[in-house]
Amino acid sequence: QVQLVESGGGLVQAGGSLRLSCAASGRTFSSYGIAWFRQAPGKEREVVAAIRWTGGSTYYADSVKGRFTISRNNAKNTVYLQMNSLLPDDTAVYYCAASRATKWPIPRGEYNYWGQGTQVTVSS
């Protein structure tokens, strides 16, 4: 099993940047695919970005392509989400999630482990 803790959220003006971190516990962290999801008030939770356990494959939602970058450091058991050129529409609670599924992209329903979330608020 793996436990996930997000950090790095906060309040930022439009056009600014934030870096979210997802720290994982568990000896087998490197074998998990990791994704960042977000959920805005009144909206469904959506996947933002994902990275395969090898780090060699990534996925981005169209809405964040070119602005967000997902990366991982298996030695530190941490996955990062660098968010640049933030927009008010990026305001949401951001969650990281882990899966041992081997298919790619990992289906949303196969993420088994979730963090508690971190709030990102982008002001206009």
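Shortest non-hydrogen contact noted between V2 and S25 is CG2-O, 2.9 Å. Taking both residues in full, the closest heavy atoms of S85 and D90 are given as O-OD2, 4.4 Å, listed atom of the first, atom of the second, then distance. Closest approach of S123 and L11 over heavy atoms only: CB-CD1, 4.3 Å. I70 approaches V79 most closely through the heavy-atom pair CG1-CG1, 3.9 Å. In terms of heavy-atom proximity, S124 sits nearest to A14 at CA-CB, 4.4 Å.
Within the 4.5 Å cutoff, side-chain heavy atoms of R38 are placed close to those of S63.
When atom types are taken as modelled, the side chain of R52 and the backbone of T102 share a donor-acceptor pair closer than 3.5 angstrom. R108 places a side-chain N or O within donor-acceptor distance of the main-chain N or O of R45, the cut-off being under 3.5 Å. Judged by distance alone, with hydrogens and angles left aside, the side-chain atoms of Y60 form no donor-acceptor pair with the main-chain N or O of R67 at under 3.5 Å. Under a 3.5 Å cut-off, the side chain of E6 and the backbone N or O of C96 do form a donor-acceptor pair. Between the side chain of T91 and the backbone N or O of V122, at least one donor-acceptor pair lies under 3.5 Å.
Other residues, nucleotides and ligands contribute only 12 or fewer heavy atoms inside 6.0 Å of the CD atom of Q13. The number of heavy-atom neighbours closer than 6.0 Å to CD of E110, taken from other residues, nucleotides and ligands shown, is above 12.
Note that the CG atom of L18 and the OG1 atom of T118 stand 9.0 Å from one another [nearest 0.5 Å]. Atom OH in Y94 sits 15.0 Å away from atom OG in S7 (nearest 0.5 Å). Separation of atoms OG (S31) and CZ (R100) is listed at 4.0 Å; rounding is to 0.5 Å. Atom-to-atom distance recorded for W36:CH2 and L20:CG is 4.5 Å, nearest 0.5 angstrom. With values rounded to the nearest 0.5 angstrom, R72 atom CZ is found 12.0 Å from T58 atom OG1. S99 OG to N112 CG: the interatomic distance, rounded to the nearest 0.5 Å, is 5.5 Å.
In this structure, the ring pair (Phe, Tyr, Trp, His ring centres under 6.0 Å) partners of Y113, at least two apart in sequence or on a different chain, are Y32.
Residue Y111 is found in a hydrophobic cluster whose other members, listed by chain and number, are F37, V47, Y59, V93, Y95, W104, I106, W114; membership requires side-chain heavy atoms under 4.5 Å apart, directly or through intermediates.
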